[in-house]
Amino acid sequence: MAAECVPEGPDLKEMGDEDVWELINDNRHRISLGVKPCMLIPYLRQARVLTEMDEDEILSSLKLTNRSMRTSHMLDLLRIQGRNGAMALLESLMIHYPALYTQVTGRKPSTEPSGFSGLIKCSDLTEYLVRAVTGMQKELQEARQEASRLGSRCTSLEVELGQTLEQQEEARRLKADHGRMRKNLAAAQHDILKLKDEKCDLYVRYTAAIEERSAANIHCSDLNLQVYQLQFELRKAQTETDFERQRSLKCTTPSETQQLREEISTLRRQLLVAEKFTPAREDILAQDLAEARDGRVELAEQLRCYREENEQLARERRETVEHKECLALQVQKLTLDCEMYQQKSTVIQSQLRELQAERDHAYLSRDEAQAQIARSLAEKDTLRSQLVELQEVFTLRAWGPFRGGPDTPGERKFSWESQGSSSDSLPSSPPPRPRLRRMHAICPDSLRGCSIKSCDITPSSVRSQNVEPPCPESLRRREETLWYNRDSSETAECDVLLDNDFVFIPRGNAVEQSVMSPTPSCQSNNSDGLSRASAPPFLLRSRPRAMRITGRVLTISFQGEALLSQLQVVGGNKTGVFVHQVTEGSAANTVGISSGAQILEVKYEQAQQALRMVLEDSTLEEAMWALGQVRGFCHLSLRPNQDAYEKLLLQLQSGEAMSGDSFYVRVNMSLPGGSQDALTVSCNDILHVTSTRPAGADCSWRASHVHPCQLLDLKTGNLPNYYRAQRLLIRAIEDMSFQPMTLRKAQDKKKTVRIVSTGRQGRNPLWVCVEDSKDKSTGPGDASAPRGCLTLMPYTLVTPHYPPVCRPVLLLPTILGRVLDQKLAEWQGFQLCEPELLSSSEHAARLQRSEVLEECEQGGQRCYTLQSVERVMKQGTHCVLPLGLDCVRRLHRAEIFPIIIFIGHSKCRARKLKSKLQRQGWSEEQLLECSRSEESLLDKLPCLYRSVSPDSWYDKTTLLTTLRSIIWEEQKKIVWVEPDLW
């Protein structure tokens, strides 16, 4: 509409060059501010008024720092082109900026071909116009989409604004309810205070009433005493009256009467003197009265204490009744469980009786089978004897022509022993064979020693030597045989092996001697007559070797000289130790050990002591050290586990794992990285050990740094193994002891050594110390090492724990923690742990369950307990612990892992906290002493802690801010805990 109202300007085609440029220069400022050169340059390039170099100069020149300068420089370049430059500029403005074109020329923009100057061909111009229109349509569509998106965003913001207003209204209502509840609480507290005051008044009135009552009782007793005295005087007066009356009746003379009256008056005067109190007696009575009053006050106090105890006993009685009801309910539950278990036991006993019946039936079947076997063996022996006789007959018939005559029965009787005497007459005659007989079962002792010395000794095997059928007494006979062997001192060690299901595999020559020479006569005959090796093969018969397998665990005994040369092992503590390769022809190969068997245990003798090492969860280094200690006869416990072995091989071949080892350790010393592949570690670093026997690195482990917040391996390298690191630790401690004090203080700023020993636990978790063959000392796992020795630990095993969202906070040193705990608890997300008031019985029960963390006062009933800490943690806030270091292990046993922060101090920093310390009744010297004493105890903690250097804070506010940021950082980290050595 604005363009239609603009009056028609002069025709541009009729204007000269100077006029056109004068028109442009008049609007140069407007063009420089409202035009983007990048939009006009494509048209100007197509009209050939600008070159590529001009375009680069306009858009990329460093001198042109803004859009106005680029547009002005473009106008200068077009001025050089004369009229064509001006016309091309105006046409580009007509296309891209029609409103600006109308303001400059005073004409309506028109896209008719006649309205252009002809610098561009009609087809090219049409194509350019189409592209421009298409681009404008796209921009318009994008603008509309952006408008719709902004509209939807505005709608969502309005919805959120409505929700926020509703939440604000709800918060306002909750705030009002909160204020109302606070008022109600204040009113209730006021009422409670009034009731307490009334209760105190009642106690005062009650005490006063008790005192008045005691006073009334005393006054009553005084009145009773007076009444008693008056009654005594009355009786006395009546007695006197009666006496006078009788005397008056008897004595009628006035002289006697007068004498009696005088006596009466004398007696009355004496009575009055006797009734008067002396000063001493008055003092005694006053003292007795004071003591009576003191006793009355004490009795009133005892009465009050007895009443309080009565109320407490009533409360305890109610608690006992409730506990009795709970116990009665538990008794009912246990009664039901007992009845159920009785029913189960009845069913099991019935099943057991059925099994016993089946067992008896099986025993009968077995006895029948053994009888059948015995009959078969007897028949077999008979047939064999017949076969031997037939062979002898056949031999005699074969040698008959050489003897030159018929054989007589006497000449046919010869034995294997008579070959030496008959060789003179018949040099080539075959020796006779002995009669076939059953051989004795091989005793395990004979397999370890050599041959059996006699055939007539007591049976040394559980197998029967006779061919008689079994009977019910067969089990008893076998038990007696076993007990006979156990009583023998020579077979005691063999019986231990039988109990552990060992397999006895003897040497080849020992078996041959035990089988081939059953009697001493046979041994002597081997030297004189025909050797056993040349005897007929069918006369030598032995049973196959039997192996007993219990729970898929096979125990094999054999000669283990140089055991590591007989077999190779792979694996580790994570996967188990497996046999990888077995040397052909070795003793291990002879007994049937094959690849894929997991080694569980090895037993051997060393220095006349029986040693046993469990390798089920040991590292590869430990396993190779243990197997390398074997020197002679050993017992190896194996378990077939081919699936785990193949899985381990796949992981090793694919590079997914370097070995079967995987455990985490905490480094107790700083180790600089000497070589290129060595891992640089600092004290208290956490490492993931992935191989204890890396290839090409002797006495080293392969380990990686661990991400503090995730179980991810970071930088990997080699690390000294336990034994080498132990020697480096001892050397570092020696170097530190000989350093000058100035250098030692400089190194104390960065901790290099943490001293941890195994003196408290008796056995090191990383027990093995594999040494080179040149070293003479043995590892800590050796049986000869004393159990009470003190061994420094360069590494300690740790396990990861993932605590809940909010962990408790423990600030050290304790004196400064008391100052900062209250301020830290005032921050949002923190709450101070409050003590609980416990009764005597509950306090004793909590102490027995180790639920009391610390007592507020010695012998008091107010204590900090685990329940108070857990109550705060369940609210999603950090529990600030106003406790000492002794609570850490109790919290760890309850799976609660506090954030321990030690705040370093100097005299300057302690001086800035002087006023805060004086309010609590402490001094600067006490703070520094407490800091030094507790800093030495931090290394004994089973977990990591965080230290705040004195240079990182300068007042209380900055210290609290630093502590808050440290707590947020520590909350995200994994907690690494050592095994409890105490």
Side-chain angles (χ1 to χ4, degrees), residues 196 199 203 298 301-335 337-338 760-761 801 803-804 807-812 814-815 817-818 821-822 825 831-875 877-898 900 930 933-934 937 940-943 977 979-982:
K196 287 183 178 179
K199 189 176 180 180
Y203 276 129
E298 291 178 358
E301 184 67 24
Q302 289 180 1
L303 181 62
R304 186 180 62 81
C305 295
Y306 289 153
R307 286 176 179 171
E308 291 180 356
E309 290 180 0
N310 189 15
E311 293 176 358
Q312 186 176 359
L313 289 174
R315 288 196 300 269
E316 291 180 356
R317 180 177 177 276
R318 288 194 295 270
E319 293 177 358
T320 307
V321 170
E322 294 177 358
H323 185 60
K324 178 183 176 183
E325 294 176 355
C326 296
L327 290 177
L329 182 59
Q330 292 180 1
V331 167
Q332 293 178 0
K333 292 182 180 178
L334 291 175
T335 304
D337 294 341
C338 183
R760 290 184 178 272
Q761 62 179 353
H801 293 270
R807 296 164 55 190
V809 180
L810 180 62
L811 300 180
L812 299 173
T814 309
I815 293 178
R818 299 293 190 273
D821 287 341
Q822 191 65 37
Q831 183 176 347
L832 187 65
C833 181
E834 298 293 340
E836 295 185 15
L837 182 60
L838 306 177
S839 61
S840 300
S841 58
E842 189 176 3
H843 182 265
R846 294 280 185 92
L847 276 177
Q848 188 175 5
R849 295 195 298 266
S850 299
E851 295 179 357
V852 177
L853 299 178
E854 191 174 305
E855 296 179 353
C856 295
E857 54 186 10
Q858 189 68 25
Q861 303 298 324
R862 293 174 59 83
C863 305
Y864 294 97
T865 60
L866 285 173
Q867 287 75 12
S868 58
V869 178
E870 292 174 350
R871 197 178 303 117
V872 176
M873 292 174 61
K874 289 179 181 178
Q875 299 176 4
T877 57
H878 293 280
C879 181
V880 182
L881 302 174
L883 309 174
L885 280 173
D886 295 337
C887 70
V888 175
R889 298 186 184 276
R890 298 188 182 96
L891 291 171
H892 280 193
R893 293 190 187 100
E895 297 295 327
I896 299 175
F897 305 99
I900 304 172
C930 179
S933 62
E934 291 186 353
L937 299 176
K940 299 181 180 179
L941 294 177
C943 60
V977 181
D980 194 358
L981 307 183
W982 287 30

Taken to the nearest 0.5 Å, the spacing of E836 CD from Q867 CD works out to 6.5 Å
Output for pair (H878 NE2, R807 CZ), nearest 0.5 Å, gives 9.0 Å
What one should report as the nearest heavy-atom pair of I900 and C943 is CD1-SG, 3.8 Å
For P835 and C856, the nearest pair of non-hydrogen atoms, with its separation, is CB-SG, 3.4 Å
Rounded to the nearest 0.5 angstrom, the CG-CG distance for L866 and L891 is 6.0 Å
- Query: Do R318 and E322 sit within salt-bridge range, that is, some charged N less than 4.0 Å from a carboxylate O?
  - Reply: no
Query raised in the report: Given side chains that start at C-beta, do those of C833 and P882 come closer than 4.5 Å, heavy atoms only?
Result: yes
Between the CD atom in E854 and the CG atom in L885, the distance rounded to the nearest 0.5 Å is 10.0 Å
Report task. Find out whether T814 and E934 are in side-chain contact, i.e. whether some heavy atom of one side chain is under 4.5 Å from a heavy atom of the other. Result -> yes
Between T877 (side chain only) and V872 (backbone N and O only), is there a donor and an acceptor less than 3.5 Å apart? yes
Tightest non-hydrogen contact, residues L811 and V809, listed as CD2-CG1, 3.9 Å
Nearest heavy-atom approach of D821 to L832 is CB-CD1, 3.9 Å
Report yes if the side chains of K333 and L329 come closer than 4.5 Å at any heavy-atom pair, otherwise no. yes
Exercise. Is H892 close to P898 at the side-chain level, that is, under 4.5 Å between some pair of heavy atoms?
Worked result: yes
Output for pair (L881 CG, I896 CD1), nearest 0.5 Å, gives 9.0 Å
I want to check something: taking the side chain as every heavy atom from C-beta on, are S850 and R893 in contact at a cut-off of under 4.5 Å? no
Q) Does the pair E319 and R315 meet the rule for a salt bridge (Lys or Arg N to Asp or Glu O under 4.0 Å), with working shown? A) CA-CA 6 Å; E319 293 177 358; R315 288 196 300 269; over 6 Å; no
Are M873 and P808 close enough that some pair of their side-chain heavy atoms sits under 4.5 Å apart?
yes
Query raised in the report: Is there a side-chain contact between L313 and R317, using heavy atoms and a 4.5 Å cut-off?
Result: no
Report task. Verify the neighbour count for atom CD of E308: are there more than 12 heavy atoms of other residues, nucleotides or ligands below 6.0 Å? Result -> yes
**Asked** Is the shortest distance from a Lys or Arg side-chain nitrogen in E842 or R846 to a carboxylate oxygen in the other one below 4.0 Å?
**Response** yes
NE2 (H323) and OG1 (T320) are apart, to the nearest 0.5 Å, by 8.0 Å
